[in-house]
Amino acid sequence: MYEELIDRLSRTGALSAEEYLVLIQNRESVREALAERARTARERFYGNRIYIRGLIEFTNYCKNNCYYCGIRAGNTAAERYRLSPEEITGAADTGYDLGFRTFVLQGGEDPFYTDEMLADIVRTIKTRHPDCAVTLSLGERDFESYRRLREAGADRYLLRHETANPAHYATLHPAAMRFENRLRCIRDLKSLGFQVGIGFMVGSPGQTDRDLADELLFLKEMQPHMVGIGPFLPHQNTPFRGEAAGSAELTCFLLSLIRLTLPSVLLPATTALGTADPLGREKGIMAGANVLMPNLSPVSVRKKYLLYDGKICTGEEAAQCIECLKNRVRKTGCEIVVAKGDHPDRAD
Ligand code: SAH
């Protein structure tokens with residue numbers, strides 16, 4: 001009986017919330033069939049190519065207090081750091097030599113970096129490496145700020161919505177953070193021509209299977225270019241320290257559903273997935289993911305960008321990370337490529 005649902009999802013990329021829920025609740029029975037279809041869908045757009053993005057975590061200062069996040073302002077035990085513009089552009093230079101053609105600048109919401117400073121950094125990277133894409137992941141800003149960053153040459157922006165259920169959103173964030181503003185940001189970014197990535201945590205406290213079914217409808221409606229999902233993992237210095245972690249299995253299952261719902265989407269197997277399960281990233285690729293985001297930050301600050309406990313890859317140099325990942329990816333039958341890796345709708 002699940003065959004018909006899997007078939008229709010693969011053909012049309014759409015199910016009702018009730019139908020997604022049936023698959024989610026019976027995931028043990030349908031996991032492998034869905035993963036196989038997801039791999040086929042991925043191959044149609046990307047062959048066996050896996051794109052890599054060099055992640056530069058340039059500040060762990062944050063003015064927000066998200067209940068799940070280890071770099072929340074209220075975590076007074078966190079050792080804070082900021083990278084200088086030279087350190088940021090230098091990390092991109094190192095990444096270029098290692099074969100990266102996309103750089104992701106991510107940080108807490110840190111007012112220290114003005115629009116002007118950020119625009120300068122983006123311009124420098126784009127000037128030195130015109131064949132590369134710059135992705136920003138700086139949280140919520142106003143339209144004018146996004147506009148200036150886009151004008152400076154930023155190509156893409158990652159801003160996870162975290163949950164598509166506004167009532168659930170309000171239990172993960174303090175009242176000052178509004179779901180409506182998150183949506184406003186995502187719409188602004190789209191209207192400015194960024195390739196936009198959204199996404200949610202899997203197994204965050206209070207999330208139901210019905211919420212997960214609704215996530216798929218939300219993604220379909222929003223039509224993002226990228227979708228980042230990963231299991232929620234507790235951090236010891238947050239209000240959610242005692243909450244259960246989300247599972248790697250459920251995350252991989254959702255990766256397959258997302259691949260079939262938005263077949264051409266850029267879909268990373270995230271560091272959180274690799275933390276929840278030592279083979280999580282390989283399993284994510286086998287479930288339909290096509291992007292990896294290794295860390296390019298200087299090793300001296302890696303351990304300080306701790307969103308959750310136990311984060312992997314905080315000790316190695318970027319060069320070692322990339323060798324390790326190449327080997328892991330090869331075992332899935334896929335291959336890491338040196339390419340900018342735009343969404344097919346945006347490729348030159
Ligand atoms: N300040 C930026 C970057 C946030 S960190 C922004 O607001 O977009 C990137 C992502 O890490 C978040 O969007 C969130 O989904 C994820 N994250 C944060 N804490 C986490 C935790 N404890 N477990 C799993 N993922 C987490």
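Since the structure is predicted, the reported quantities are computational estimates derived from the model, not experimental observations. Order of appearance sets the numbers: ligands from 1, and atoms from 1 within every ligand. Just so you know, residue 1 is the first one in the sequence shown, and it goes up from there.
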What donor-acceptor contacts under 3.5 angstrom involve side-chain atoms of residues 243-255, with partners at least two apart or in another chain?
| from | atom 1 | to | atom 2 | distance (Å) |
| --- | --- | --- | --- | --- |
| Ser247 | OG | Leu250 | N | 2.9 |
| Thr251 | OG1 | Ser247 | O | 2.8 |

- [ ] Salt-bridge test for Asp115 and Arg141: reply yes if a basic N is under 4.0 Å from a carboxylate O, no otherwise.
- [x]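 Arg141 and Asp115: salt-bridged.
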
Task: Pair Glu19 + Arg8, salt bridge at N-O below 4.0 Å - done: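 Looking at Arg8 together with Glu19, the answer is yes, because their closest N to O distance falls below 4.0 Å.
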
Under a 3.5 Å threshold, I'd like every N/O contact between ligand 1 and protein atoms, with atom names and distance.
| from | atom 1 | to | atom 2 | distance (Å) |
| --- | --- | --- | --- | --- |
| ligand 1 | 1 (N) | Gly107 | O | 2.9 |
| ligand 1 | 13 (O) | Glu162 | OE2 | 2.6 |
| ligand 1 | 15 (O) | Arg160 | NH1 | 2.9 |
| ligand 1 | 15 (O) | Glu162 | OE1 | 2.6 |
| ligand 1 | 15 (O) | Glu162 | OE2 | 3.4 |
| ligand 1 | 22 (N) | Tyr68 | O | 2.9 |
| ligand 1 | 22 (N) | Leu233 | O | 2.7 |
| ligand 1 | 22 (N) | Leu307 | O | 3.4 |
| ligand 1 | 23 (N) | Leu233 | N | 3.0 |
| ligand 1 | 23 (N) | Leu233 | O | 3.3 |

Task: Residues Thr208 and Asp211: side-chain donor-acceptor under 3.5 angstrom - done: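 Distance-only check passes for Thr208 and Asp211.
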
- [ ] Hey, could you give me each pair passing side-chain hydrogen bond (donor to acceptor under 3.5 Å, both in side chains) that has a residue in residues 263-284? Not counting sequence neighbours.
- [x]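 Residue pairs passing side-chain hydrogen bond (donor to acceptor under 3.5 Å, both in side chains), neighbours aside: Ser264-His343, Asp277-Lys283, Glu282-Arg328.
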
- [ ] Can you run down the salt bridge (Lys or Arg N to Asp or Glu O under 4.0 Å) pairs that involve residues 216-228, sequence neighbours left out, and say none if there aren't any?
- [x]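 Salt bridge (Lys or Arg N to Asp or Glu O under 4.0 Å) check on residues 216-228 returns no pairs.
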
